[in-house]
Amino acid sequence: MSGAVLDAAFYDRPVLEVARDLVGCELVHGETAGRIVETEAYHHTEAACHAYVGLTARTSTLFAAPGTAYVYRSYGIHALINAVCEGEDVGAAVLVRALDPTAGVELMRARRGPVHERDLCNGPGKLTQALGIELTENATSLVDGPVRIRAREPGVVPELVTGTRIGITKAVELPWRFCLRGSRRVSRPYPPGLLHHGTG
DNA sequence: GTATGGATCTTCT
DNA sequence: GAAGATCCATACA
């Protein structure tokens with residue numbers, strides 16, 4: 001079980017802090033929910049971020065208020081969900097890459113088809129399909145909208161593993177990927193040369 | 001177990 | 001017209 005829904009102030013902080021603090025929180029949509037075990041941070045000052053090119057029709061959501069959901073289509077097929085962070089003059093967001101299912105597992109299975117239990121939510125395109133999140137949720141609020149994120153239990157500080165981001169071709173060297181240490185639900189194995197955070 | 005290529009579509013040049 | 005924050009099936013070791 002998780003705590004209260006995170007408020008806008010939680011997201012109105014440096015994106016790297018939010019990315020770390022979101023690991024262990026619970027992403028909720030309808031009857032389905034899952035604990036976040038993997039995140040990545042994106043910021044308009046580095047080339048891998050969509051907002052790097054500035055404010056366009058596509059990236060306007062990245063410059064929306066902190067606590068807004070940025071959902072976009074990837075490779076023409078998949079929907080990926082991000083949590084917008086920092087102020088409205090900054091294009092920054094945290095990509096949710098993997099979940100450990102906590103509620104509505106039967107519904108997830110129905111949506112995902114005959115996949116292995118472990119493959120339900122271990123990828124950014126998979127978890128949105130499992131939770132039923134689509135492009136219609138773009139620009140909705142994570143505080144009081146259809147998709148929400150609940151805080152972890154007070155006092156619970158997960159151990160994190162930090163590595164480089166996945167699936168990008170620019171700014172690949174930045175260690176902006178955060179995984180729950182020891183989780184077998186992450187989207188890919190931990191990279192070599194990773195850094196360990198004692199307390200996140 | 002790892003490696004490779006196709007599907008599919010929005011956005012920007 | 002080309003690229004992209006992915007996933008899946010298939011081939012091979």
Side-chain angles (χ1 to χ4, degrees), chain A residues 11 14-16 18-20 22-23 27 32 34 36-64 66 68-86 90-101 108-140 142 147 149 160-180 184-192 194:
Chain A
Y11 302 97
V15 67
L16 289 173
V18 178
R20 283 193 299 247
L22 277 178
V23 176
L27 183 65
T32 52
I36 298 171
V37 298
E38 181 177 357
T39 63
E40 285 179 3
Y42 288 87
H43 193 277
H44 75 259
T45 54
E46 46 90 14
C49 184
H50 292 168
Y52 183 69
V53 297
L55 181 60
T56 69
R58 180 193 198 189
T59 62
S60 63
T61 305
L62 281 169
F63 291 92
T68 301
Y70 170 47
V71 184
Y72 75 98
R73 186 168 299 289
S74 174
Y75 289 88
I77 303 173
H78 307 288
L80 272 58
I81 185 169
N82 303 246
V84 175
C85 299
E86 309 196 29
V90 178
V94 176
L95 170 67
V96 179
R97 284 195 59 89
L99 301 178
D100 184 10
M108 291 184 189
R109 265 202 275 266
R111 286 171 175 152
R112 291 275 297 124
V115 299
H116 192 280
E117 174 82 24
R118 192 165 150 177
D119 291 327
L120 279 177
C121 296
N122 65 340
K126 299 177 187 178
L127 70 91
T128 54
Q129 184 184 11
L131 297 207
I133 296 170
E134 298 175 12
L135 298 190
T136 50
E137 270 78 32
N138 183 39
T140 61
L142 292 170
V147 182
I149 303 180
L160 301 185
V161 178
T162 303
T164 52
R165 295 175 293 182
I166 290 173
I168 56 174
T169 58
K170 301 164 191 165
V172 295
E173 73 284 357
L174 293 177
W176 286 9
R177 176 187 179 212
F178 303 98
C179 302
L180 181 64
R184 298 176 200 285
R185 304 280 181 164
V186 296
S187 63
R188 298 203 197 170
Y190 302 123
L194 41 75

Peer 1: In whole angstroms, how far is the P atom of B/dT11 from the CG atom of A/Leu135?
Peer 2: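 In whole Å, B/dT11 P lies 9 Å from A/Leu135 CG.
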
Peer 1: Find the distance A/Tyr52:OH to C/dA3:P and express it as a whole number of Å.
Peer 2: 18 Å

Peer 1: So what's B/dT8 paired with, Watson-Crick or G-U wobble, going by both distances under 3.5 Å?
Peer 2: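 The base-pairing partner of B/dT8, which may sit in any strand shown, does not exist here.
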
Peer 1: Taking the nucleotide of DNA chain C with the closest heavy atom to each, which residue, A/Asp119 or A/Gly167, is nearer the 5' end?
Peer 2: A/Gly167

Peer 1: Rounded to whole Å, how long is the line connecting atom CZ of A/Arg73 with atom P of C/dG4?
Peer 2: 19 Å

Peer 1: Measure the distance from NZ on A/Lys126 to C1' on C/dT6 and round it to the nearest whole Å.
Peer 2: 9 Å

Peer 1: Rounded to the nearest angstrom, tell me the gap between atom NE2 in A/His78 and atom P in C/dC8.
Peer 2: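 To the nearest whole Å, that distance equals 7 Å.
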
Peer 1: Return the value, rounded to whole Å, for the distance between atom OH of A/Tyr75 and atom P of B/dG5.
Peer 2: 15 Å

Peer 1: From A/Ile166 CD1 over to A/Arg97 CZ, what is the distance, rounded to the nearest 0.5 angstrom?
Peer 2: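 Separation between the atoms: 4.5 Å.
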
Peer 1: Using a cut-off of less than 4.0 Å, is there contact between a side-chain N or O of A/His50 and OP1 or OP2 of C/dA5?
Peer 2: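 Checking C/dA5 against A/His50, a side-chain N or O does come within under 4.0 Å of OP1 or OP2.
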
Peer 1: Calculate the interatomic distance between A/Phe178 atom CZ and C/dA5 atom C1'; express it in whole Å.
Peer 2: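 Interatomic distance, CZ of A/Phe178 to C1' of C/dA5: 15 Å.
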
Peer 1: Between atom CG of A/Asp100 and atom CG of A/Leu180, what is the distance when rounded to the nearest 0.5 Å?
Peer 2: 8.5 Å

Peer 1: So which nucleotide does C/dA5 pair with, by the Watson-Crick or G-U wobble rule with both distances under 3.5 Å?
Peer 2: none

Peer 1: Within the distance-only criterion (no hydrogens, no angle test), does the side chain of A/Arg109 pair as donor or acceptor with the backbone N or O of A/Gly113 below 3.5 angstrom?
Peer 2: no

Peer 1: By the 4.0 Å heavy-atom rule, please label A/Arg97 as base, sugar-phosphate, or nothing.
Peer 2: sugar-phosphate

Peer 1: For B/dC12, does either OP1 or OP2 sit under 4.0 Å from a side-chain N or O belonging to A/Thr56?
Peer 2: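 Yes, because at least one side-chain N or O of A/Thr56 sits under 4.0 Å from OP1 or OP2 of B/dC12.
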
Peer 1: Can you tell if the side chain of A/Met108 reaches within under 4.5 Å of the side chain of A/Leu131, non-hydrogen atoms only?
Peer 2: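 The answer is yes; the side chains approach within 4.5 Å.
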
Peer 1: By nearest atom, which of the nucleotides C/dA5, B/dT11, C/dC8 is closest to the A/Arg58 side chain?
Peer 2: B/dT11

Peer 1: Taking the nucleotide of DNA chain B with the closest heavy atom to each, which residue, A/Gly76 or A/Ala57, is nearer the 5' end?
Peer 2: A/Gly76

Peer 1: Determine whether a donor-acceptor pair (N or O, by modelled atom type, separation under 3.5 Å) exists between the side chain of A/Thr59 and the backbone of A/Gly54.
Peer 2: yes

Peer 1: To the nearest angstrom, how far is A/Ile77 atom CD1 from C/dA9 atom P?
Peer 2: 12 Å

Peer 1: Touch check for A/Arg188, heavy atoms < 4.0 angstrom, all strands: base, sugar-phosphate only, or nothing?
Peer 2: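 No contact at all - A/Arg188 keeps every heavy atom at 4.0 Å or more from the nucleic acid.
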
Peer 1: A/Pro124 side chain: which of C/dC7, C/dA5, C/dC8 is closest?
Peer 2: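 Per side-chain heavy atoms of A/Pro124, the pick is C/dC7.
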
Peer 1: Checking all strands, does A/Ser187 fall into the base, sugar-phosphate, or nothing category for heavy-atom contacts under 4.0 angstrom?
Peer 2: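 Result for A/Ser187 = nothing.
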
